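See structure below.
Quick caveat: nothing in here was measured; it's all calculated off a predicted structure.
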Amino acid sequence: MTGPRIAAFFDVDNTIIRGASAFHLARGLYERGFFRLRDIAWAGVMNARYQLFGENTEQIDEIRSSALNIMTGHSVAEVVAIGEEVYDQVMELRIFPGTRALLDEHLAAGHEVWLVTATPVEIGDVIARRLGATGCVGTVAEHRGGFYTGRLVGDLLHGQAKASAVRALAERDGIDLDLSYAYGDSANDVAVLSAVGHPFAINPDKRLRRHALAAGWPVREFRGRRRAATRRGVRTASWAGVAWVVGLALRSVQRRLQG
């Protein structure tokens with residue numbers, strides 16, 4: 001007799017991978033001529049804000065609009081190929097070992113493992129495949145004839161939209177959400193965490209930490225043994241990233257002036 005289907009749902013950014021996966025992809029796209037220097041500078045600032053202050057709806061909307069504009073006219077196959085390279089070169093090195101261990105434990109227990117992310121589903125699929133996960137539920141960018149149109153199919157997978165997607169997946173595949181698990185880092189993940197019987201806060205921002213403690217949810221911290229030292233390290237790395245893109249922009253301007 002087959003038992004109930006159980007799944008573990010993992011957020012990606014700052015839960016599995018340190019920082020914003022979209023920023024790492026943006027750098028890879030920039031290096032291959034997808035967009036202008038000021039776009040990568042903007043992406044660097046967004047990544048720094050994300051790591052320093054966590055998510056907010058306004059920031060997510062900014063990222064969505066910019067990302068859709070960047071992708072317009074490019075082929076799906078090209079973006080997937082670049083995503084594979086970026087994973088191998090950057091993302092794999094930024095995976096939290098503690099989260100990876102949790103993911104592997106669920107797979108070993110025979111659970112389905114799904115990534116649930118606002119990241120474009122094609123990139124989420126790359127990450128899921130490399131981690132051995134069952135699959136990914138991500139934001140769907142419209143494409144026709146294999147090329148992106150610059151529009152979304154449905155909503156950006158964020159906040160309540162994540163929870164709705166998880167419920168729809170569970171209904172489709174017969175997953176028992178009361179027996180299932182979810183992992184997230186942001187207060188914006190509360191909706192999807194609340195949809196399962198076993199929610200966990202991973203590397204939580206301040207609002208999610210408060211909510212988790214009040215609700216009695218387990219908290220896991222994989223960013224380092226001492227949170228104060230970790231916060232200083234994140235700030236240093238984030239502002240170093242901003243300094244890098246600003247310096248890159250200034251060097252580019254200098255070269256043009258000298259030319």
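The backbone N or O of N203 sits nowhere less than 3.5 Å from a side-chain atom of D185 that would complete a donor-acceptor pair. For R94 (side chain) and R18 (main-chain N/O), a donor-acceptor pair under 3.5 Å exists by modelled atom type. Checked by atom type and distance alone, the side chain of D189 never pairs as donor or acceptor with a backbone atom of Y183 at under 3.5 Å.
Listed by chain and residue number, nothing satisfies the side chain to side chain donor-acceptor pair (under 3.5 Å) test with S180 (two or more places apart in sequence, or in another chain). For R5, the side chain to side chain donor-acceptor pair (under 3.5 Å) partners are E112, not counting sequence neighbours. In this view, S194 and V190, W217 satisfy the side chain to side chain contact (heavy atoms under 4.5 Å, CB included) rule, not counting sequence neighbours. Applying the side chain to side chain donor-acceptor pair (under 3.5 Å) rule to H111 yields the partners H106; only residues at least two apart in sequence or on another chain are considered. With sequence neighbours excluded, the residues that form a side chain to side chain contact (heavy atoms under 4.5 Å, CB included) with A201 are P204, L208, A212, V219. Not counting sequence neighbours, the partners of T117 by the side chain to side chain contact (heavy atoms under 4.5 Å, CB included) test are V12, T119, C136. For R100, the salt bridge (Lys or Arg N to Asp or Glu O under 4.0 Å) criterion is met by D104, not counting sequence neighbours.
Under the 4.5 Å side-chain heavy-atom criterion for grouping Ile, Leu, Val, Met, Phe, Trp and Tyr, F9 is not connected to L115 through any hydrophobic cluster. Note on L131 and V113: same hydrophobic cluster, where clusters join Ile, Leu, Val, Met, Phe, Trp and Tyr whose side-chain heavy atoms are under 4.5 Å apart, directly or indirectly. Both I127 and V86 are assigned to one and the same hydrophobic cluster, defined by single-linkage of ILVMFWY side chains at heavy-atom distances under 4.5 Å.
A side chain to side chain donor-acceptor pair (under 3.5 Å) check over residues 79-92, counting only residues at least two apart or in different chains, returns the pairs R32-E85, E84-R129, E84-R130, D88-R130. Applying the salt bridge (charged side-chain N to carboxylate O under 4.0 Å, His left out) test to every pair with at least one member in residues 169-178, sequence neighbours left out, gives no pairs at all.
Summarising the hydrophobic clusters (Ile, Leu, Val, Met, Phe, Trp, Tyr; side-chain heavy atoms under 4.5 Å, direct or chained), the residues clustered with V153 are V121, V140.
When side chains are defined from C-beta on, E78 counts as touching I82, because their heavy atoms get closer than 4.5 Å.
Put simply, CZ on F96 and CG on N14 are 5.5 Å apart, with the number rounded to the nearest 0.5 Å.
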